[in-house]
Structures are given as structure tokens and as C-alpha cells.
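Predicted model, so just to flag it, every value in this text is computed and none were measured.
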Amino acid sequence: MKYITLAIACLAITPMQAQTIDEVLRQVEQNNKELQAQRQSTLASKLEVQAENNLEDPSVEYSPFYTRGITGMSSSELVVTQGFDFPTLYGARRQSGKWKQAALDRRQQAARRDILLSAKNLCLDLIMLNQQHALLEERAKNAGELLALFEKRLEEGDAGILEVNKIKMERMSVQTEVAQNNAAHRTALQQLLAMNGNMPLEFTADTYPHVEELKDRNAFYDEVMATDAGLLAADADARAAEKELKVNRQSWLPKIEVGYRRNTSLDEKSNGFLIGGSLPLFSNRKKGKIARLQVESTRLALDNARLQAAADVHARFNEMQQLREAMQAYDVVLMHRTLALLNEAVKAGQLSIIEFYTEADNIYRNLQAYIELENRYQKLMAEIYKNRL
């Protein structure tokens, strides 16, 4: 039985070439709706940061005056003003805005990394399911050949009904596992398609791509501390908070207002300039304290992120070593060769069916365990190298 590749229903279906994991990830990065939303949200937030340093809107006021006994307007006043913050505030806000935008970019990069890692893990699961499917096909083929052989022997009186029934039960067990495998494969592929914006893709790989072996714990630690997207985002948040504190330290400076005033009356007109300002005696209350607390919060968050990253480095390095040693304990070639010898022996009458399945079941369990172990190792390596995505 072959897997049915899922795709979007369309009027004409054109054949697609099977894709590698890297090709799938490139498609997901382009088509993923969550990533597209993240990009738009980041752009909107960056524009909001830029807008924080804009000039105030100019103000225009016109007042007509009327006097009893005089027909029409007796006088009027026109006032045009423009408010400014103290000049040094604009420079401080510009520096703060740069780090705020950098923090937004870092957060977006961390979200991108996590989404691509999820997509890669789905690809790795599909590879494992394809390997399991191939193993189940081998079991089904062997069971089918043995059933045909022993049904013939039963007719000839050289085999018993218990042996035939044992083979039939093996076939039923394999068919059940095949159905479960197909369902798991379909679910994983549906999830991958959803991550790809429901755009069609073809992924049929049954072998894992080469993974660079990791031997140096210190080099791994240095790489994570220098490139981890979460750490870089936390660092950018801390720097942005420090710059915002500098902005708030200048928020006590007066606002400046300049403008033009024109007064008219029945017999004269006058023009003049308007210069004024305002002191933030009340609006600035507790802003400095709030900014200092935010700085402390982001620093603690950064320290926690560094501690967590360091702990993860050691935990993952140790787990990787253990998984590698466990995988090396399995001789896959020997197990397949032994299965072939057992199959030849039972067909030649040197083994009974009960003896054959006692030995074969143990080997199949070991092969299944190896497939799952290799999948765990590949996922762990994907997690280790996630900042390279």
C-alpha cells in the first residue's frame, strides 16, 4: 500500500517532484499564515515606534468678536501655534526607537525560527513514519509468503492449523499497524500542509539528511549564547528599556510653543509672535519610576533567559551523547540479515512458525525501537541547530 499524498483540491492536478526538508522549509517560510501575520504586525509596531517621535500637530484658532451697536464683526483674532518638545528629547527618543525596532525584529526572528522548527519536526516525523511503513510492508510480505506456503502444507498434511492461524494473526496485527501508521502519516502531512498555507507539497523521504556531529560542548555553548534568537530578543528588550529610561529622565524638560497671532478691529490691525511653554509638573509623575522598574524587569528576564539557555545546552548535549551511544548499540544490518535467515529456515522446515515468530517479533521490536530512537536523535539535533534555520 502506498501513501496517498495530500494536496489541495483543484481542477487539474499536476505531478510534483518530491522535496527535501530545506525546500519544504523555504516554502513554509513563504506561505505560512502565522509568519505573514507576524511580519505585518512587526511592521505596524515599528511604524508606531517611529510615530512616537513625530512633531505635535499645529494648532489654528480663529475668534470673531461682535459689539452691540456695530453691524457685523467688530474685531477678530487669529492664532497659529506649533508645539515642540525640548530638542534633546528627539535625539533620545530616536535612539530608544532604534532599539525598540531592533527588539521587534528579534522577536519576529524568534517566531520564524520556532515555526520552521515545528515544520522540520513534522518532516522528521514523516521520515520516521515512512521507515515504519517500509518495515511493516516487509512484515506483511513475509507473512503473505508464509501463509501461502503453510496453507499448501496444511493441504498436504505437513503443517497444522495452529501454524496457519498464527500466520493469519500476524497478518491481522500488521494490517492494524499499517492502518495506524497511515492515519499518523496523514495527520502529520495535513499539519505540514496547514503550516504551508494549504499550498500543495510533496514529501516522501525515508532517510534523514546528514547532521553535523557535535563534539565540543564549549563550542556549542558559545554558539548558542551568540546566536540564540530568544536571547538576542531579550537582550534587545533590555537595551530598549535602558534607552527609554534615558528618555524619561528628560521628560521633566519644558515643552516649547511658538506661533503667530493676528488681531484685527474696525480701525486697526496688529501682528505678533507667540512664545510659550509648559512644565510637566503632573503628567511626569512616576514615569521615571515606571521606566526604572521596566529596566530591572528586562534585565532579570535577560538573566533568566541566559540561565535557561545554559541549562538547556548542557541537558541537550548530555541527551545527545546518550542517544548516540544507544543508537550505536543497534546493529541494523545484522538484524535484517537474521530476519532473512529465519525466513529461509522456517520455509525449509528447520524452524516452526512459533519459534520463527518468537525470534522475529523480538527483532521487529528492536528495529522499531531503533527507528524511534533515531527520530528522537534527529529531533534533538534539529533543536540544537534551530538557530541556523
Exercise. Go through Gln321 and Glu325 one step at a time and tell me if the side chain to side chain donor-acceptor pair (under 3.5 Å) criterion holds.
Key: CA-CA 6 Å; Gln321 289 181 319; Glu325 291 174 1; over 6 Å; no
Quiz item: In terms of the angle between their ring planes, are Tyr221 and His314 parallel, tilted or perpendicular, with boundaries placed at 30° and 60°?
Solution: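 Parallel: the ring planes of Tyr221 and His314 meet at under 30°.
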Exercise. Report the C-alpha separation of Arg262 and Asn271 in whole Å, then their side-chain angles, then the decisive distance to 0.1 Å, and conclude whether the side chain to side chain donor-acceptor pair (under 3.5 Å) test is met.
Key: CA-CA 4 Å; Arg262 177 182 176 85; Asn271 301 280; 2.9 Å; yes
Quiz item: Could you walk me through whether Arg217 and Asn318 pass the side chain to side chain donor-acceptor pair (under 3.5 Å) check?
Solution: CA-CA 9 Å; Arg217 186 192 300 261; Asn318 293 335; 2.9 Å; yes
Practice problem: Have a look at Arg324 and tell me which of Glu374, Glu319, Glu213 forms a salt bridge (Lys or Arg N to Asp or Glu O under 4.0 Å) with it. | Solution: Glu213
[X] with [Y]: basic N within carboxylate O range, under 4.0 Å:
X      : Y      : result
Lys152 : Asp158 : no
Asp228 : Arg113 : yes
Glu383 : Arg316 : yes
Glu170 : Arg139 : yes
Asp85  : Arg93  : yes
Glu29  : Arg112 : yes
Asp235 : Arg106 : no

Quiz prompt | Test log, rule side-chain contact (heavy atoms from CB on, under 4.5 Å), inputs Tyr260 and Val79 | solution = CA-CA 6 Å; Tyr260 168 77; Val79 179; over 6 Å; no
Which heavy atom of [X] sits nearest a heavy atom of [Y], and at what distance?
X      : Y      : result
Leu126 : Ala188 : CD2-CB, 3.7 Å
Asp216 : Asn218 : OD1-N, 2.9 Å
Gln19  : Leu201 : OE1-CB, 3.2 Å
Ala229 : Ala110 : CB-CA, 3.7 Å
Asn54  : Tyr90  : O-CE2, 4.4 Å
Met199 : Leu193 : O-CD2, 3.4 Å

Tell me whether [X] contacts the main-chain N or O of [Y] through its side chain, where contact means a donor paired with an acceptor under 3.5 Å.
X      : Y      : answer
Asn263 : Ser270 : no
Thr187 : Ala183 : yes
Gln36  : Gln30  : yes
Asn31  : Gln27  : yes
Thr227 : Glu223 : yes
Thr176 : Met172 : yes
Asn375 : Leu124 : yes
Gln308 : Ala305 : no
Gln131 : Ile371 : no
Ser45  : Ser41  : yes

Quiz prompt | Asn130 versus His185, side-chain donor and acceptor atoms under 3.5 Å | solution =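 Yes.
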Quiz item: With side chains defined as the heavy atoms from C-beta onward, is the minimum distance between Glu77 and Tyr62 less than 4.5 Å?
Solution: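 Of all side-chain heavy-atom pairs linking Tyr62 with Glu77, none is under 4.5 Å.
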Quiz prompt | Side-chain heavy atoms of Leu25 within contact of Leu389, under 4.5 Å | solution =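 Yes. Closest side-chain heavy atoms under 4.5 Å.
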Quiz item: Is the NZ or CZ atom of Arg261 positioned over Phe273's six-membered ring, under 6.0 angstrom from the centre and within 45° of the axis?
Solution: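 Pair Arg261/Phe273 does not count as cation-pi.
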Practice problem: Kindly indicate whether a cation-pi arrangement holds for Arg153 with Phe150, taking the cut-offs as under 6.0 Å to the six-membered ring centre and within 45° of the axis. | Solution: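 Yes, Arg153 sits over the ring of Phe150.
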Quiz item: Which residues pass the salt bridge (charged side-chain N to carboxylate O under 4.0 Å, His left out) test with Glu212, sequence neighbours left out?
Solution: Arg388
Quiz item: Got a sec: does the NZ of Lys46 have more than 12 other heavy atoms crowding it under 6.0 Å?
Solution: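 More than 12 heavy atoms, drawn from other residues, nucleotides or ligands, come within 6.0 Å of this atom.
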Quiz prompt | side-chain contact (heavy atoms from CB on, under 4.5 Å) evaluation trace for Gln108 with Leu35 | solution = CA-CA 8 Å; Gln108 197 273 328; Leu35 265 180; 4.0 Å; yes
Exercise. List the steps and the verdict of side-chain contact (heavy atoms from CB on, under 4.5 Å) for Leu367 and Ile363.
Key: CA-CA 6 Å; Leu367 286 171; Ile363 295 175; 4.2 Å; yes
Quiz item: Could you state the interatomic distance from CD (Glu56) to OG1 (Thr81), rounded to the nearest 0.5 Å?
Solution: 9.0 Å
Quiz item: Other than Val295, what residues sit in its cluster of Ile, Leu, Val, Met, Phe, Trp and Tyr side chains whose heavy atoms are under 4.5 Å apart, directly or through others?
Solution: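 Its cluster partners, ordered by chain and number, are Leu245.
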Practice problem: Give the other cluster members for Leu307, using side-chain heavy-atom distances under 4.5 Å between Ile, Leu, Val, Met, Phe, Trp and Tyr residues; answer none if it is isolated. | Solution: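 Taking Ile, Leu, Val, Met, Phe, Trp and Tyr as members, Leu307 stands alone, with no cluster partners.
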Quiz item: For Gln101 and Asp105, what are the C-alpha separation, side-chain angles and deciding distance, and is it a side chain to side chain donor-acceptor pair (under 3.5 Å)?
Solution: CA-CA 6 Å; Gln101 293 183 64; Asp105 285 333; over 6 Å; no
